> 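Here it is, the structure, as structure tokens.
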Amino acid sequence: MKNMLHTFKTNAFMFFYIWRQKCGKPYILLKFVLALFSAVFPVVVSVLPGLIINELLAGEVTRRLILYIVLLLMIPLMNSLLNTAIDKLLFSLTEKLTLANLREFYHHVTQMDYETLENPEILDKKQRATDILGNNFVVVDYICNLFSSLLKLALISTIIIALNPFIILLVVLVIFVNSVITKRHDQKKHELEKRVQSQERLQWGVNFMLDMFEYAKEVRLFKIGDFLIDKLINSEKNINREKRKIVKSKSAATSLHAVLSFLNQSVLYIYLVYMVICKGLSIGSMTIFLSAADQFSSALSAVSGSYLKLTANALKISDYQEFISIPQKQFSAGSRTPEFSKNSTIEFRNVSFKYPGSERYALKDVNIVISGEEKLCIVGPNGAGKSTFIKLLTRLYFPSEGEILLNGININEYDYDKYQRLFSPVFQDFSKYYLTLGENVVLADTYDSVRLDAVSESSGISRLVESLPKGYETQVDKWIDKEGFEPSGGEGQRIAIARALYHGGEIFLLDEPTAALDPMAEYEIYTQFHNMITDKCAVLITHRLSAVQLADKVAVFENGSIAEYGTHSELYAEGGIYTEMFNKQAQFYRDNPLGGSAPEADLPDGDDEA
């Protein structure tokens, strides 16, 4: 009973979800019209041949005989024409429903917390949720089929009861056993498919590495083709192992269904032959009862099948419900409108943070204030917490302890979208979108061409645009368009810089922004950055300490904490961590590590003696 309530409750959720859609109501109403006719027409058609036989046995051509024949011929035609007309309308409504569902689902995905999307279990839920995406209106089909089958069952039952009510009991018993078998198979199949999905995600990753051009160079030079292929084959074997279990379960269920159907038909035919020979049942009536018994069995099977489909569908809907009910904590946290000016401040107050599932602090007791037009340079070894600092600042994560304040107000009280629009990020691991070059910069269908030209010039991609036959309309990546282009690391980084410039937030975030650039290009970019951030707030993460000339203050991160903080001159004079880092890097550029001498490198102003 509990499972039955869960089945109807879950499917009711999806049914009324579709009903609330603008095109959902006409879709559901048309489906019920079809269900009504699909219940009545087969019953009438199954009775008519027997009535015609009985009329023919009388040896006369009567009006009833002509009516029966006309109905027998016209009903299939009417049914076909009706289905054709309604199917055209349903196709249009189905398309609209699919698009509406896709938009709503992926709108939820793009608003989910960043930390949530990093969780493999959530990724599995997302994959299972997409199994019903674009096809969630099948619940209407199942419910309409159930309604049609029950109506047909009621109509045919009146015919069979006139012959022998025990036939109904026989059919019910067979269908019940079949239902139990099918339900167990569906549950087992659902659990096995979950395991298959985890393996398919792993397989997708290997496929991606084998298929994508960006991996082709290292695959050849490191000779890892066989290594990746072995992983692909092993993953395929694991998937096939689970699929064989599904096939085995289905085969067992199908065999049992066949045996039960054979027994059911055997008993029915033996009984009807007995009734004709020993009880004087007419051939026409036998035909009617035989057809009715078959229709009853079919209708009862359809009832059972519709219910089992609803039960199986409930498992998928539950996955869908679980996924879309994952709270969007960041997106729904606040509603204030943030403002940022030269008088503004951002303060980290006793901020500590652990990544989900980790016991180690990525940041510990961080306290720092960034003023409105201040340029902060963050340095430190890998794993010191520098990028985590940026993730917390941009509200990709909530602090585990402490708080971050903008103008004295906790940043979680601000509207999530409006708060994030304050930032113009340029990351080392910037995203390359499979769009045109222009769309990669503006990230929209329409754009301000004057502004786009200006940022292209500022970021240094104007020469790239001029060199491409289609200019801004050139597709990024050749695997989509043979006339497309594959950006080099430096070109990709410049595109990311242009993107940040175009969107023009109040706070620039530069996370290793020149990592893919050569020294000359790096010099140009830092010069451009200097112009970009003159009257802006900027946070710059870098391993190249020559970039500190852009900064007002320097924060040295070590083991998740701020170990040193001050101006370049103050920190260098202290002779601590920063001084050691700076001297080692300067020495590498000044002196040949293998002996001999190397050209003297330019150092930040005021430190040639370091």
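Every heavy atom of this structure was used, including side-chain atoms; hydrogens, water molecules and symmetry mates were not. Predicted model, so just to flag it, every value in this text is computed and none were measured.
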> Working to the nearest 0.5 angstrom, can you tell me the gap between I86 CD1 and L29 CG?
11.0 Å

> Look only at the side chain of D415 and the backbone of K418, and say whether a donor-acceptor pair between them is shorter than 3.5 Å.
yes

> A side-chain contact here means heavy atoms from C-beta on lying under 4.5 Å apart; do E439 and T436 qualify?
yes

> Is any side-chain heavy atom of L509 less than 4.5 Å from a side-chain heavy atom of V426?
no

> With side chain to side chain contact (heavy atoms under 4.5 Å, CB included) as the test, pick out the partner of S306 among N145, D141, I143.
N145

> Report the distance from atom CD1 of I122 to atom CG of D113, rounding to the nearest 0.5 Å.
10.5 Å

> For A312, enumerate each residue passing the side-chain contact (heavy atoms from CB on, under 4.5 Å) test, keeping only those at least two apart in sequence or located in another chain.
D186

> Could you tell me if the side chain of P425 sits less than 4.5 Å from the side chain of T394, heavy atoms only?
no

> By side chain to side chain donor-acceptor pair (under 3.5 Å), which residues pair with E104, not counting sequence neighbours?
Y17

> Does F32 have any ring-ring contact (aromatic ring centres under 6.0 Å, His included) partners at least two apart in sequence or in another chain, and if so, which?
F147

> Within the distance-only criterion (no hydrogens, no angle test), does the side chain of S80 pair as donor or acceptor with the backbone N or O of L77 below 3.5 angstrom?
no

> Minimum heavy-atom separation for L392 and I411, please, with both atom names.
O-CD1, 3.9 Å

> Hey, could you give me the CZ/CG distance between R499 and N440, rounded to the nearest 0.5 Å?
5.5 Å

> Is it true that a side-chain atom of T116 and a backbone atom of M112 form a donor plus acceptor pair closer than 3.5 Å?
no

> Counting C-beta onward and ignoring hydrogens, is there a side-chain heavy-atom pair between N412 and R395 closer than 4.5 Å?
yes

> Would you say the side-chain atoms of Q111 pair up with the backbone N or O of Q328, donor to acceptor, closer than 3.5 Å?
no

> Count the heavy atoms belonging to other residues, nucleotides or ligands that lie under 6.0 Å from NZ of K96, then report whether that count exceeds 12.
no

> If you measure only the distance, is there a donor-acceptor pair under 3.5 Å linking the side chains of S148 and S38?
yes

> Could you tell me the separation between the OG1 atom of T388 and the CG atom of L393, rounded to the nearest 0.5 Å?
12.0 Å

> In the structure I gave you, are the side-chain heavy atoms of K316 and V138 within less than 4.5 Å of one another anywhere?
no

> Can you name the nearest heavy-atom pair linking I317 to F13, along with the distance?
CG2-CD2, 3.9 Å

> Do Y355 and Y397 have ring centroids that are under 6.0 Å from one another?
yes

> If we ignore hydrogens and angles and just use 3.5 Å, is the side chain of S352 paired with the main-chain N or O of S400 as donor and acceptor?
no

> So how far is it from T130 OG1 to L102 CG, rounded to the nearest 0.5 Å?
10.5 Å

> Looking at the rings of H108 and F323, which for Trp means the six-membered one, are their centres under 6.0 Å apart?
yes

> Check for a donor-acceptor pair, side chain of K364 on one end and backbone N or O of G560 on the other, with a separation under 3.5 Å.
no

> Restricting to non-hydrogen atoms, name the atom on A129 and the atom on D319 that form the minimum distance, rounded to 0.1 Å.
CB-O, 4.4 Å

> Go through the structure and list residues passing side chain to side chain donor-acceptor pair (under 3.5 Å) with Y361, not counting sequence neighbours.
E401

> List the atom of F105, the atom of Y320, and the distance in Å for their closest heavy-atom pair.
CD1-CE1, 3.8 Å

> Do L97 and Y27 touch side chain to side chain, with heavy atoms closer than 4.5 Å?
yes

> Would you sort out whether D511 and S387 count as a side chain to side chain donor-acceptor pair (under 3.5 Å), showing the intermediate values?
CA-CA 7 Å; D511 188 355; S387 293; 3.1 Å; yes

> Check side chain to side chain donor-acceptor pair (under 3.5 Å) between N11 and all other residues, then give those that pass, not counting sequence neighbours.
N313

> Please identify each residue that fulfils side chain to side chain donor-acceptor pair (under 3.5 Å) with Y419, with sequence neighbours left out.
none

> Decide if the gap between the ring center of Y414 and the ring center of Y416 is smaller than 6.0 angstrom.
no

> Which atoms form the tightest heavy-atom contact between P487 and G492, and what is the distance?
CB-N, 4.0 Å

> Are side-chain heavy atoms of L34 and L90 found at a separation under 4.5 Å?
yes

> Are the side chains of I18 and M14 in touch, meaning some heavy atoms are under 4.5 Å apart?
yes

> If every non-hydrogen atom of T7 is compared with every non-hydrogen atom of A314, which pair is closest and at what distance?
CA-CB, 4.1 Å

